[in-house]
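In what follows, a structure is listed as structure tokens, so that the remarks can point back to it.
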Amino acid sequence: MAPYTYENPLPEDGFLLPKDLAKLANDIKSMRIRGAAEIGRAAADGLELFASTSKASDIPAYINEFDSAYDLLLNTRPTAVSLANALRYVKHRTVKASKNSLDVDELRALTIRAAEDFKKSSLEAVRRISEYGAKRIKNGDLIMTHCNSSVAIAILKEAKRQGKDFNVYATETRPRFQGRLTAAELAEAGIPVTLIVDSAARYFMPKVDKVIVGSDVVTANGAVVNKIGTAQIALAAKEARVRVYVGAETYKFSPSTVLGELVEIEERPVEEIIPKKELENIRGVKIANPAFDVTPADLIDAIITERGIIPPQAAILILMEEYGWKIGDEDGGRAMVEEED
Ligand code: RUB
């Protein structure tokens, strides 16, 4: 199934669903489906698929099965905030409705609607971000991007659509080379792009006008968690006085960080770095493979959200507005209470 993007949105009669929940979960786990926005929408797909195939005959049985599907999906990439927030969005609405006097078929339909609403609003958020972000790109710009962010790519494509003339450096993004996907997609869109190794980022930075990346998580203090290597690029950008823009939908903002929770960084299998066979030739060597790193707010010039462009320090305001947190809440605000429903 082709990924939903804001350019490849929904058929009129709703989303095309994958056929099998276990396969979908496995596709997220194995990173066949990847990128924060896409895994958020895939998680919503999973709950929609569950609801449309569930045979539960009453509400307690339905909620019970719902929880199993929820846990299965949550554990595919347990540190991904977009995935968790997508699941919470659907769960909150389902559990709240289950307390009203609906029958189980109405509840199934409600789960499906909630999942579709999440996917639609996620695509609409990317569309808006692309418009806000494209305004920052000028003719003649040289832009560096890292990894394969659908949001960063949407900004670049929108700028191209508006007739702007600019060039892009795309880092290859070891160990999984997501940068190759980015380079191919930009080239296909007619945007001149040069693929570089990750370690060449600082070498090229003095020529660059802007860095534009996506985000997996935005924390309450405006730090951004994104593909490993983003923080190094931001550091090189700061040294060269190059502006760093991050495209992030508000469902990537993490409510639990308001109260000082740290974002857990996913550690990926060592075979992503060295194939098992070659590992045998270098016995005694440990390998570390963190998937993401944290770029602090002071290395970021602005975060482009669907609600507008904000300085990273204003991330807390987004969390207060989106999730109802206020000073004195001891539990992280409405969002944290709701997720316990
Ligand atoms: C992908 C990555 C992307 C963000 C944002 O990591 O770090 O920059 O997820 O992507 P991985 P998007 O390949 O490990 O999933 O803008 O599409 O949400």
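Bear in mind that the values here come from a model prediction, so they are computed numbers and not experimental data.
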Under 3.5 Å donor-acceptor, T257 side chain and G260 backbone: no
| query | Cationic tip of R136 within the cone over Y132's six-membered ring, i.e. under 6.0 Å and within 45° of the normal? | reply | no
Of all heavy-atom pairs linking T173 and C147, the shortest is OG1-N, 2.9 Å
**Request:** Verify, without hydrogens or angle tests, whether N221 (side chain) and A223 (backbone) share a donor-acceptor contact under 3.5 angstrom.
**Result:** yes
Practice prompt. Look at D117 together with R113 and state whether they make a salt bridge at an N to O cut-off of under 4.0 Å.
Written response: no
- Query: Do R108 and D105 meet the salt-bridge criterion of a basic N to acidic O distance under 4.0 Å?
  - Reply: yes
Flag side-chain contact, heavy atom, 4.5 Å: K23 against D27 | yes
Looking at E65 and K55, does any basic side-chain N land under 4.0 Å from a carboxylate oxygen?
no
- prompt: Are the side chain of H146 and the backbone N or O of G179 linked by a donor-acceptor pair below 3.5 Å?
  reply: no
>> Are M205 and V211 packed together at the side-chain level, in the sense that at least one heavy-atom pair is separated by less than 4.5 angstrom?
In response: yes
Main chain of N226, side chain of S215: is a donor-acceptor contact present, judged purely on distance under 3.5 Å?
no
Single-linkage hydrophobic cluster L299~V225, side-chain heavy atoms < 4.5 angstrom = no
ask   = Is there side-chain contact between I233 and T295, with heavy atoms separated by less than 4.5 Å?
value = no
Sorted by chain and residue number, the salt bridge (charged side-chain N to carboxylate O under 4.0 Å, His left out) partners of R128 (sequence neighbours excluded) come out as E124
By side-chain contact (heavy atoms from CB on, under 4.5 Å), L72 pairs with (sequence neighbours left out) L21, A25
(message) If you count every heavy atom of other residues, nucleotides or ligands that lies below 6.0 Å from E272 atom CD, does the total exceed 12?
(response) yes
Are side-chain heavy atoms of S52 and I112 found at a separation under 4.5 Å? yes
Are I282 and I273 joined in one hydrophobic group, where the rule is that I, L, V, M, F, W and Y side chains link up if heavy atoms are under 4.5 Å apart? yes
F166 and I304: same hydrophobic cluster, using ILVMFWY side-chain contacts below 4.5 Å? yes
Inset, instruction - Please examine the side chains of I33 and I39, heavy atoms only from C-beta on, and report whether any two atoms are closer than 4.5 Å. - result: yes
Quick check: do T219 and V263 have side-chain heavy atoms less than 4.5 Å from each other? yes
Side chains of I310 and L317: does their closest heavy-atom pair fall under 4.5 Å? no
Point to revise | Backbone N/O of E266 and side chain of R77: donor-acceptor pair under 3.5 Å | key: no
Next on the checklist: Using the rule that Ile, Leu, Val, Met, Phe, Trp and Tyr join whenever any side-chain heavy atoms are under 4.5 Å apart, tell me whether V193 and V151 fall into a single cluster.
Outcome noted: yes
P312 and A297 have their tightest heavy-atom pair at CG-O, 3.5 Å
Under the 3.5 angstrom rule, does the side chain of N289 hit a backbone N or O of P269 as a donor-acceptor pair? yes
Does the S256 side chain pair with the main chain of S254, one donor and one acceptor, at a distance under 3.5 Å?
no
Open item on the list: Check K252 with E249, please: is the shortest side-chain N to carboxylate O separation under 4.0 Å?
Closed with: yes
Subject >> Test item: D293 side-chain N/O and G229 main-chain N/O as donor-acceptor pair under 3.5 Å >> reply: yes
Linked, directly or transitively: V168 and L181 (ILVMFWY side chains, under 4.5 Å):
no
- In terms of the angle between their ring planes, are Y169 and F204 parallel, tilted or perpendicular, with boundaries placed at 30° and 60°? tilted
- Is a donor on one side and an acceptor on the other found under 3.5 Å between the side chain of D301 and the backbone of Y245? no
For this session: Would you please test T250 and T305 for side-chain hydrogen bond (donor to acceptor under 3.5 Å, both in side chains) and show each step?
Result: CA-CA 6 Å; T250 52; T305 80; over 6 Å; no
| query | Is the backbone N or O of R127 less than 3.5 Å from a side-chain atom of S130, with the two atoms forming a donor-acceptor pair by type? | reply | yes
Within a reach of under 6.0 Å around CD of E131, are more than 12 heavy atoms found that belong to other residues, nucleotides or ligands?
yes
